[in-house]
Amino acid sequence: MKNYSIRQRVLVTGGAGFLGSHLCERLVVEGYDVLCVDNFFTGARDNIAHLLGNPRFELLRHDITFPLHVEVDQIFNLACPASPIHYQFDPVQTIKTSVIGAINMLGLAKRTKARILHTSTSEVYGDPQVHPQPESYWGHVNPIGLRSCYDEGKRCAETLFFDYHRQHTVDIRVVRIFNTYGPRMHPNDGRVVSNFIMQALQGNDITLYGDGMQTRSFCYVDDLIDGLMRMMYGPHGLPGPINIGNPHEFTMVDLARAVLAQTDSRSQMVFQPLPSDDPRQRQPDISKAVEYLGWGPKIQLTEGLRRTIEYFRSQISQVDSARRQ
Ligand SMILES: NC(=O)c1ccc[n+]([C@@H]2O[C@H](COP(=O)([O-])OP(=O)(O)OC[C@H]3O[C@@H](n4cnc5c(N)ncnc54)[C@H](O)[C@@H]3O)[C@@H](O)[C@H]2O)c1
């Protein structure tokens with residue numbers, strides 16, 4: 001995949017977050033020099049602690065809403081809180097990260113002639129009226145709701161990417177990520193997979209919203225990272241946008257049952273009112289990813305859940321043993 005004769009310098013913004021840390025790891029393994037930039041809003045040093053001694057890995061605490069002057073060959077722009085709890089905590093900062101952060105990173109890409117990949121989201125489709133969602137669907141988004149700081153911020157970032165591409169010939173790649181899960185998800189970020197697993201492992205009630213029949217599709221993190229690498233380094237030359245996600249759809253009730261079964265938990269399911277703007281259905285149409293990237297998810301939900309549950313179990317036991325000391 002990579003030309004080893006020239007060491008490529010890769011900037012990963014949001015590199016200490018859930019997805020960013022897995023991406024940094026993969027890039028280091030593949031022989032790239034990685035500069036991880038993060039303001040640690042939702043990221044953690046623990047996520048990248050194992051990379052800190054590696055000569056190919058460098059960490060910089062920096063907020064991408066401020067300009068960054070570095071020399072790089074490729075940029076993966078992941079910085080942005082991704083869970084509703086976190087992005088609604090400071091909505092103005094969220095939209096600044098998406099919009100001003102994108103302008104700063106695109107400016108850097110323009111100056112250094114770096115290829116830049118942006119992690120957009122299935123949230124650009126809003127509460128979709130087309131199912132499954134192809135990239136050609138323009139979405140159904142509330143511009144003034146509680147989720148808008150994230151959804152509209154990401155939509156504006158996409159606009160900026162395509163304008164820099166058309167106006168300044170910046171070499172862009174835009175990926176729309178659908179729900180992804182795996183080790184290093186934040187345990188308390190309210191995302192459904194981490195929520196259910198933590199609740200089941202701690203013997204608490206499993207909280208479902210509405211009737212629990214809304215569907216989501218879940219992609220395991222290793223599959224997602226593989227998609228990002230193919231998008232950045234594959235021979236297709238396609239700016240995107242391209243959906244990356246697992247099209248296999250589950251209801252929230254199905255997911256809760258799978259988690260309960262794998263954790264041997266006696267937790268009960270409880271039903272609460274639906275939060276505002278919660279989409280009923282979300283499923284990627286990945287035909288473009290299959291055709292242009294030769295990509296498709298490989299890891300089944302059962303296996304992905306097993307690895308994720310193992311991670312959360314070890315996190316809980318570390319906290320318990322720290323408390324006992
Ligand atoms: N995980 C998913 O299911 C999912 C789905 C769709 C899109 N995405 C996108 O993928 C990217 C990564 O998501 P994640 O799940 O790893 O989230 P995350 O919250 O774990 O990671 C985001 C990282 O960005 C950092 N960050 C936030 N604001 C910053 C700023 N202004 N400057 C520098 N760093 C900043 C955080 O500290 C964190 O380390 C995000 O852009 C997100 O929108 C993720």
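Keep in mind that what you see is a predicted model, and the values were worked out from it rather than measured. We count ligands from 1, going down the list as the structure has it; atoms in each ligand are counted the same way. For reference, positions follow the sequence shown, starting with 1.
Salt-bridge annotation for Arg155 and Glu158: absent, with no side-chain N of the basic residue lying under 4.0 Å from a carboxylate O of the acidic one. A salt bridge does not link Lys154 with Glu123: every distance from a Lys NZ or Arg NE/NH1/NH2 to an Asp or Glu carboxylate oxygen is 4.0 Å or more. A salt bridge is absent between Arg7 and Asp73: the closest approach of a Lys/Arg side-chain nitrogen to an acidic carboxylate oxygen does not fall below 4.0 angstrom.
Taking the six-membered ring where tryptophan is involved, the planes of Phe218 and Phe250 are tilted, since the angle between them lies from 30° to 60°. Note: Tyr137 and Tyr125 have parallel aromatic rings, judged against thresholds of 30 and 60 degrees for the angle between ring planes.
Screening His118, Arg173, Met105, Arg166 for a side chain to side chain contact (heavy atoms under 4.5 Å, CB included) with Phe161, the sole residue that qualifies is His118.
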Are any protein N/O atoms closer than 3.5 Å to the N/O atoms of ligand 1? If there are, list each pair with names and the distance to one decimal place.
residue, atom, partner, partner atom, Å
ligand 1, 1 (N), Arg191, NH1, 2.8
ligand 1, 3 (O), Thr180, N, 2.9
ligand 1, 15 (O), Arg191, NH1, 3.1
ligand 1, 15 (O), Arg191, NH2, 3.2
ligand 1, 16 (O), Phe18, N, 3.4
ligand 1, 16 (O), Leu19, N, 2.8
ligand 1, 19 (O), Thr42, OG1, 2.6
ligand 1, 20 (O), Phe18, N, 2.9
ligand 1, 24 (O), Cys80, N, 3.4
ligand 1, 26 (N), Asn39, OD1, 3.3
ligand 1, 31 (N), Asp63, OD1, 2.9
ligand 1, 31 (N), Thr97, OG1, 3.1
ligand 1, 32 (N), Ile64, N, 2.9
ligand 1, 34 (N), Asn39, N, 3.2
ligand 1, 34 (N), Asn39, OD1, 3.3
ligand 1, 37 (O), Asp38, OD1, 2.6
ligand 1, 37 (O), Asn39, OD1, 3.4
ligand 1, 37 (O), Phe41, N, 2.9
ligand 1, 37 (O), Thr42, N, 3.0
ligand 1, 37 (O), Gly43, N, 3.0
ligand 1, 39 (O), Gly17, N, 3.1
ligand 1, 39 (O), Asp38, OD1, 3.1
ligand 1, 39 (O), Asp38, OD2, 2.5
ligand 1, 39 (O), Gly43, N, 3.2
ligand 1, 41 (O), Leu78, O, 2.8
ligand 1, 41 (O), Thr119, OG1, 3.3
ligand 1, 41 (O), Lys154, NZ, 2.8
ligand 1, 43 (O), Tyr150, OH, 2.5
ligand 1, 43 (O), Lys154, NZ, 2.9

